[in-house]
Amino acid sequence: MKNLIAVLFVSLLSIGVYAQEKVAKIEFKTKVIDYGTIEKGADGVRVFEFTNTGNAPLVISNVKSTCGCTVPKKPEGPIMPGETGEIQVKYDTNRVNPIRKTITVFSNADTPTVALKIKGLVVDPNKTSVLEKKSKSMIEQ
């Protein structure tokens, strides 16, 4: 009886260890996308590419942005081990301002939350900067 209990105990431990070895891992090509300086109304879509380097299917459960001006789109199905996927991010370029936003990815990977960042500057080409040097001073005009 003691041998039977010992065998069952060891087999349960080995199954538990085996189950823990199968884990999804998410690796991004880059965690920061720099839009650079873009014009108002330009294409605001960018893509974060990633690979499942683990040995279990990767499921991205949610992708959230820090504001409504940035809309992320997650992959629908699971990403199998060794496969690549992408998270599409669309920034509203009708807002003339610097871009500093964070996109948070939630998944079943060994690191369940990953922070991605976008940055850049949206400018309006029809407006001149108040910092530009003018040819004449206000007094000379």
Side-chain angles (χ1 to χ4, degrees), residues 2-141:
K2 288 182 182 179
N3 288 339
L4 180 62
I5 292 173
V7 169
L8 286 174
F9 182 72
V10 170
S11 63
L12 284 175
L13 280 178
S14 64
I15 289 172
V17 169
Y18 178 74
Q20 290 177 356
E21 289 177 9
K22 294 231 178 227
V23 66
K25 292 184 181 181
I26 189 167
E27 284 190 27
F28 284 89
K29 276 190 176 179
T30 182
K31 291 185 181 180
V32 178
I33 290 182
D34 189 353
Y35 279 66
T37 302
I38 59 173
E39 291 186 2
K40 178 180 177 182
D43 181 22
V45 177
R46 301 293 186 272
V47 174
F48 287 97
E49 294 181 9
F50 63 89
T51 303
N52 178 1
T53 58
N55 54 11
L58 172 68
V59 177
I60 296 180
S61 55
N62 201 359
V63 181
K64 289 188 176 181
S65 170
T66 53
C67 81
C69 60
T70 308
V71 181
K73 183 179 175 185
K74 70 179 184 77
E76 292 303 316
I79 309 299
M80 298 313 237
E83 290 185 358
T84 61
E86 56 184 40
I87 294 173
Q88 185 178 23
V89 178
K90 182 175 183 183
Y91 180 77
D92 180 9
T93 58
N94 287 320
R95 300 172 185 232
V96 178
N97 281 318
I99 305 169
R100 298 278 184 271
K101 304 296 173 195
T102 301
I103 296 93
T104 307
V105 179
F106 301 92
S107 71
N108 68 331
D110 60 342
T111 51
T113 58
V114 177
L116 307 174
K117 305 214 183 270
I118 59 172
K119 64 181 184 175
L121 177 64
V122 180
V123 295
D124 189 346
N126 298 325
K127 294 188 178 183
T128 58
S129 173
V130 293
L131 301 176
E132 281 184 20
K133 187 172 181 175
K134 297 183 180 180
S135 58
K136 294 183 179 180
S137 70
M138 299 270 299
I139 298 170
E140 293 173 347
Q141 291 179 357

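These numbers come from a predicted model, not from an experiment.
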Q) Is the backbone N or O of Phe106 less than 3.5 Å from a side-chain atom of Asn62, with the two atoms forming a donor-acceptor pair by type? A) no
**Q.** Nearest heavy-atom neighbours spanning Glu27 and Thr53
**A.** OE2-OG1, 3.3 Å
Q.
Within the structure provided, determine whether Leu58 and Phe50 are in side-chain contact (heavy-atom separation under 4.5 Å).
A. yes
Q.
Could you report the tightest heavy-atom contact between Ala56 and Lys22, atom names first, then the distance?
A. CB-C, 3.9 Å
**Q.** Contact summary for Glu86 and Val47, nearest pair of heavy atoms
**A.** CB-CG1, 3.3 Å
Q. Does NZ belonging to Lys74 count more than 12 external heavy atoms closer than 6.0 Å?
A. yes
Q. Backbone N or O of Gly44 within a donor-acceptor pair of the Thr93 side chain at under 3.5 Å?
A. no
Q: Compute both the distance and the angle, then confirm whether Arg46 meets the cation-pi test with Tyr35: under 6.0 Å from the six-membered ring centre, within 45 degrees of the axis.
A: yes
**Q.** Backbone N/O of Thr70 and side chain of Ser65: donor-acceptor pair under 3.5 Å
**A.** yes
Q | Minimum heavy-atom distance between Asn94 and Gly41, given as atom pair plus value | A | OD1-CA, 3.6 Å
Q. Are more than 12 heavy atoms from other residues, nucleotides or ligands located less than 6.0 Å from atom NZ of Lys90?
A. no
Q) Between Val45 and Gln88, is any pair of side-chain heavy atoms under 4.5 Å apart? A) yes
Q.
Looking at every heavy atom in both Ala109 and Lys25, which two are closest together, and how far apart are they?
A. CB-CA, 4.3 Å
Q. Is the shortest heavy-atom distance from the side chain of Glu49 to the side chain of Thr84 under 4.5 Å?
A. no
**Q.** Distance, nearest 0.5 Å, that separates OH of Tyr91 from CD1 of Ile38
**A.** 8.0 Å
Q. Roughly how far, to the nearest 0.5 Å, is the CD1 atom of Ile118 from the SG atom of Cys69?
A. 7.0 Å
Q: Answer whether the closest heavy-atom distance between the side chains of Ser107 and Val59 falls below 4.5 Å.
A: no
(Q) Any non-hydrogen side-chain atom of Ile60 less than 4.5 Å from a side-chain atom of Ile26? (A) yes
(Q) Under a 3.5 Å distance rule, please check whether Asn108 uses its side chain to pair with a backbone N or O of Pro57 as donor and acceptor. (A) yes
Q.
How close do Asn52 and Gly54 get, counting heavy atoms only, and between which atoms?
A. OD1-N, 3.0 Å
Q.
Can you tell me how far apart OG1 (Thr102) and CG (Leu116) are? Round to the nearest 0.5 Å.
A. 9.0 Å
Q) Are the side chain of Asp124 and the backbone N or O of Glu39 linked by a donor-acceptor pair below 3.5 Å? A) no
Q | side chain to side chain contact (heavy atoms under 4.5 Å, CB included) between Phe48 and Val105, intermediate numbers included | A | CA-CA 11 Å; Phe48 287 97; Val105 179; over 6 Å; no
Q: Check step by step if side chain to side chain contact (heavy atoms under 4.5 Å, CB included) holds for Ile103 and Lys117.
A: CA-CA 6 Å; Ile103 296 93; Lys117 305 214 183 270; over 6 Å; no
